[in-house]
Amino acid sequence: MRSIKKGTGAFGNQLDQQKKTMTLRAGLSGSDEMQKKVATGIALAFACLPAMAESDIGFYSGVGVGQVTLKDTIDGVDIKATGTGFKILGGYRFNEYGSLEIGYLAGKPDDTISGVTIESDASAIQGSALVHIPISARFEGFARAGFLAWDAENTVRDGQFGFIQKNDGTDWVLGIGAAFRVTPSFGLRAEYEGAELDGTDLRSLTISGLFNF
């Protein structure tokens, strides 16, 4: 029986070249198909961004908890009272860059110096304008500027003796923070705020949950 050998002449080389060309074309075709799928996925992702941003527009509310710190110097003595603070808020977002917000804040920071306990039972109404800085479809930064209409009842106790002093006022408040949308209707916010209350330095760090309507 005569064996059939692979051609080594010009005809054999042409067959090899055609096989290589067909293999290359198949690879390129698969690569083009993959590129089309990737491009389609990216286009769909970008197409969804405006719709997700529009879901933020409208009324929202929230509750928050954090740490409140009051710093002051009285008769050469430095006071740093810290405690848990709470916040209830509501607002309206006009677009992805701006909103107006009102909130109620309360806290009871205290400090003890040489056996003397100082406690401040404070509350405030806050009105603010917020500028939002979109970073991604779910994450953004923001800055706050507004006012605090506050009142405080300060108690000083030394054993069995003590006295109470009441004070109130209206001052500016500034803040910065970041927000992350967990779902289209719920998000989380972390914020640092500061104000000067008749010479007393107020600082707060709050984490809030937000609900969009």
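Worth knowing before you read on, the calculation uses all heavy atoms, side chains too, and leaves out hydrogens, waters and symmetry mates. This chain uses plain numbering: 1 for the first residue, then up along the sequence.
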Any pair with a residue in [range] that passes salt bridge (charged side-chain N to carboxylate O under 4.0 Å, His left out), sequence neighbours left out, goes on the list, sorted by first then second residue, please.
range            : value
residues 154-165 : none
residues 159-179 : E153-K166
residues 98-107  : E101-R144, E101-R189

Straight-line distance of [X] [atom1] to [Y] [atom2], nearest 0.5 Å:
X    : Y    : atom1 : atom2 : answer
T82  : K71  : OG1   : NZ    : 10.5 Å
F94  : S99  : CZ    : OG    : 8.0 Å
S61  : I102 : OG    : CD1   : 13.5 Å
L197 : N167 : CG    : CG    : 9.0 Å
R138 : T183 : CZ    : OG1   : 8.0 Å
E119 : I164 : CD    : CD1   : 10.0 Å

Same cluster (ILVMFWY, side-chain, under 4.5 Å), [X] and [Y]:
X    : Y    : value
V173 : L130 : no
I118 : L202 : no
F139 : F142 : no

Strictly by modelled atom types, are T73 and D78 linked by a side-chain donor-acceptor pair under 3.5 Å? yes
Would you say the ring centers of F213 and F211 fall short of 6.0 Å from each other? no
Just checking Y97: does its OH atom have more than 12 heavy atoms from other residues, nucleotides or ligands closer to it than 6.0 angstrom? no
Atom CD1 of I135: over 12 foreign heavy atoms under 6.0 Å: yes
Could you report the tightest heavy-atom contact between [X] and [Y], atom names first, then the distance?
X    : Y    : value
E96  : P134 : OE1-CG, 3.7 Å
L70  : P109 : CD1-CG, 3.5 Å
S208 : G64  : OG-CA, 3.4 Å
A195 : L148 : CB-CD1, 4.0 Å
F186 : G209 : CE1-CA, 4.1 Å

By side chain to side chain donor-acceptor pair (under 3.5 Å) - contacts of T200 (at least two apart): D72
Taking the inter-plane angle between the rings of Y92 and F59 on a 0 to 90° scale, is it parallel (under 30°), tilted (30 to 60°) or perpendicular (over 60°)? perpendicular
Suppose we screen for side-chain contact (heavy atoms from CB on, under 4.5 Å). Which residues come up paired with I113, at least two apart in sequence or across chains? V77, I79, D111
With sequence neighbours left out, what residues match E196 under salt bridge (Lys or Arg N to Asp or Glu O under 4.0 Å)? none
Does the pair D110/K108 count as a salt bridge with the N-to-O cut at 4.0 Å? no
Indicate yes or no for a side-chain donor-acceptor contact from R181 to the backbone of A137 under 3.5 Å, with no hydrogens or angles considered. yes
V182 and L188: side chain to side chain contact (heavy atoms under 4.5 Å, CB included), yes or no, with the steps? CA-CA 7 Å; V182 181; L188 295 174; 4.2 Å; yes
Among L105, V63, L210, exactly one meets side-chain contact (heavy atoms from CB on, under 4.5 Å) together with L89. Which residue is that? L210
